[in-house]
Enquirer: 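Encoded as structure tokens, here's the structure I'll be asking about.
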Amino acid sequence: MQLVTVAPADIQQHIISSLPEILEDAEHCDVAKELSSLLKQNTQLTVPILDAFSSLNLSSELLTEVRQWVMSTLCAVDLEVVPVIVKFILHTVTPSDALEVISELRRSLDVESAVSLSQVQAATSKAGATGTQDCVTILMEVIKSGVWFQKHTCEAWMKAIESVETVEEHKVTDFLVLLILYTTNSNCKKQVERVLKNKVRSGCITSQLLQNIFRGHSQVRSGSRPEAGYIQDR
């Protein structure tokens, strides 16, 4: 680990990525603590460190600490790192803390800013705009995978969105997640329809918001056009 702190960036990433293969089980805890400290010092190492964590045996206390810290960085890290952080968070959620973690994650995610950034970049760089859209698409795929394999994650997203009571609190992310739940879990379809209808009736989700979502996120819903159109009509 001393070598990691003084090595060039590319060497640091290679060493960190190799750690799970060379460490003995008894070393996991101590190395994980050092990686956690390094993560807080250098966010550029977020991706390899979180990848390494997924193959190390972390204590529940350290896991919670790391999850809370990376959650706090979501609004500051580069967009391409966001899907990696969200994947780590979703993979560490348990039935007992799912609602709390997902509610905080929902508040921290800012897909709207990503779309605004892509629109700005589109005027100056086609490649930059495409990269931003790809990151948003990957993020939605990460969330889709989370709700597909973990029932408690699916239920937590539904409850977190349903608990939002004002127009100001609602985000584009809410509708995108509802679309994911609708298209990946047949047991959720009626509940999604009910939640969406109640949100529209109460004014929390406006027709203008829905129009903006469908215009700004065609790349996210490209594989779910019939279902997306159905929900919009509801």
Side-chain angles (χ1 to χ4, degrees), residues 67 71-72 74-75 77 79 82-83 85-87 89-90 93 97-119 132-133 135-234:
R67 187 172 63 203
M71 186 97 72
S72 70
L74 276 172
C75 61
V77 297
L79 182 60
V82 172
I85 294 177
V86 172
K87 182 179 180 179
I89 292 171
L90 294 180
V93 166
D97 62 16
L99 181 56
E100 178 184 358
V101 173
I102 295 301
S103 295
E104 185 178 355
L105 176 60
R106 181 202 158 273
R107 289 191 296 268
S108 301
L109 281 176
D110 192 2
V111 174
E112 295 93 325
S113 293
V115 173
S116 297
L117 177 60
S118 69
Q119 292 172 343
T132 299
Q133 293 171 355
C135 288
V136 175
T137 302
I138 293 170
L139 173 60
M140 293 299 109
E141 286 298 321
V142 167
I143 295 176
K144 181 177 180 179
S145 177
V147 301
W148 180 267
F149 292 108
Q150 296 176 307
K151 180 181 178 181
H152 55 271
T153 301
C154 179
E155 294 173 347
W157 274 112
M158 187 70 74
K159 291 179 181 178
I161 295 172
E162 192 170 11
S163 67
V164 180
E165 298 180 347
T166 66
V167 177
E168 292 76 17
E169 290 180 282
H170 268 295
K171 299 182 174 187
V172 168
T173 312
D174 295 333
F175 185 81
L176 295 177
V177 172
L178 285 176
L179 176 58
I180 289 172
L181 295 176
Y182 189 87
T183 56
T184 59
N185 191 329
S186 59
N187 295 326
C188 285
K189 286 191 173 184
K190 289 186 178 180
Q191 189 175 0
V192 169
E193 291 177 15
R194 177 182 59 79
V195 170
L196 186 59
K197 286 179 180 179
N198 289 339
K199 295 293 183 182
V200 172
R201 289 191 187 115
S202 65
C204 287
I205 295 182
T206 64
S207 59
Q208 184 61 51
L209 174 61
L210 293 180
Q211 290 173 14
N212 292 341
I213 291 169
F214 277 79
R215 281 199 301 265
H217 293 274
S218 59
Q219 82 281 9
V220 174
R221 63 181 177 85
S222 58
S224 308
R225 292 185 185 276
E227 293 88 346
Y230 178 75
I231 293 179
Q232 186 182 32
D233 293 338
R234 305 305 283 180

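Atoms considered below: every heavy atom in the structure, side chains included; atoms not considered: hydrogens, waters and symmetry mates.
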Enquirer: Please report the interatomic distance CE(M140) to CG(L176), rounded to the nearest 0.5 Å.
Expert: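 One finds 5.5 Å between CE of M140 and CG of L176.
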Enquirer: Quick check: closest heavy atoms across V195 and M158, and the distance to 0.1 Å?
Expert: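 Looks like CG2-SD, 3.9 Å.
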Enquirer: Roughly how far apart are I102 CD1 and C154 SG, rounded to 0.5 Å?
Expert: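 Taking CD1 in I102 and SG in C154, the distance rounds to 10.5 Å.
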Enquirer: With heavy-atom distances below 4.5 Å as the criterion, would you say the side chains of L99 and E155 are in contact?
Expert: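 The answer is no; the side chains never approach within 4.5 Å.
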Enquirer: Could you check if a side-chain atom of L109 sits within less than 4.5 angstrom of a side-chain atom of L139, using non-hydrogen atoms only?
Expert: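 In contact.
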Enquirer: When you look at W148 and I180, which way does the side-chain contact (heavy atoms from CB on, under 4.5 Å) test go after all the steps?
Expert: CA-CA 9 Å; W148 180 267; I180 289 172; over 6 Å; no
Enquirer: Report, as yes or no, whether the 6.0 Å neighbourhood of atom NZ on K87 holds more than 12 heavy atoms from other residues, nucleotides or ligands.
Expert: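 No, because the 6.0 Å sphere around NZ of K87 holds 12 heavy atoms or fewer from other groups.
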Enquirer: When rounded to the nearest 0.5 angstrom, what is the spacing between SG in C135 and CG in L79?
Expert: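 CG of L79 is found 4.5 Å from SG of C135.
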Enquirer: Could you grab the distance from atom NZ of K159 to atom CD of Q191, nearest 0.5 Å is fine?
Expert: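 Reported value, rounded in 0.5 Å steps: 9.0 Å.
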Enquirer: Which pair of heavy atoms, one from S103 and one from A160, lies closest together, and at what distance?
Expert: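 Closest approach of S103 to A160, heavy atoms only: OG-CB, 3.6 Å.
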Enquirer: Quick check for you: to the nearest 0.5 Å, what is the distance between E162 atom CD and C204 atom SG?
Expert: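 Result: 11.5 Å between the selected atoms.
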Enquirer: Taking the side chain as every heavy atom from C-beta outward, state whether L105 and L90 have any atom pair closer than 4.5 Å.
Expert: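 They are in side-chain contact.
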Enquirer: Assess whether a salt bridge exists between R106 and E169, defined as any Lys/Arg side-chain N lying under 4.0 Å from an Asp/Glu carboxylate O.
Expert: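 The answer is no: the pair does not qualify as a salt bridge.
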Enquirer: Compare every heavy atom of E193 with every heavy atom of Y182, then report the nearest pair and how far apart it is.
Expert: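 Looks like OH-OE2, 3.2 Å.
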Enquirer: Of the non-hydrogen atoms in I161 and K199, which two are nearest, and what is the gap between them?
Expert: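 Minimum heavy-atom separation between I161 and K199: O-NZ, 3.1 Å.
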Enquirer: Does a side-chain heavy-atom distance below 4.5 Å link M71 with V101?
Expert: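 A side-chain contact under 4.5 Å exists here.
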Enquirer: Within the 4.5 Å heavy-atom criterion, are W157 and I143 side-chain neighbours or not?
Expert: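 Yes - at least one pair of side-chain heavy atoms lies under 4.5 Å apart.
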Enquirer: Grab the two heavy atoms, one from D97 and one from R67, that are nearest each other, plus how far apart they are.
Expert: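 Nearest heavy atoms, D97 then R67: OD2-NH2, 2.9 Å.
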Enquirer: How long is the straight-line distance from OG1 of T173 back to CZ of R107, given to the nearest 0.5 Å?
Expert: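 So the CZ of R107 and the OG1 of T173 are separated by 13.0 Å.
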Enquirer: Please name the pair of heavy atoms, one in S108 and one in L74, separated by the smallest distance, quoted to 0.1 Å.
Expert: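 Where S108 meets L74 most closely, the heavy atoms are CB-CD1, 3.7 Å.
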Enquirer: Do V192 and N185 have side-chain heavy atoms sitting under 4.5 Å apart?
Expert: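 Contact flag for V192/N185 side chains = no.
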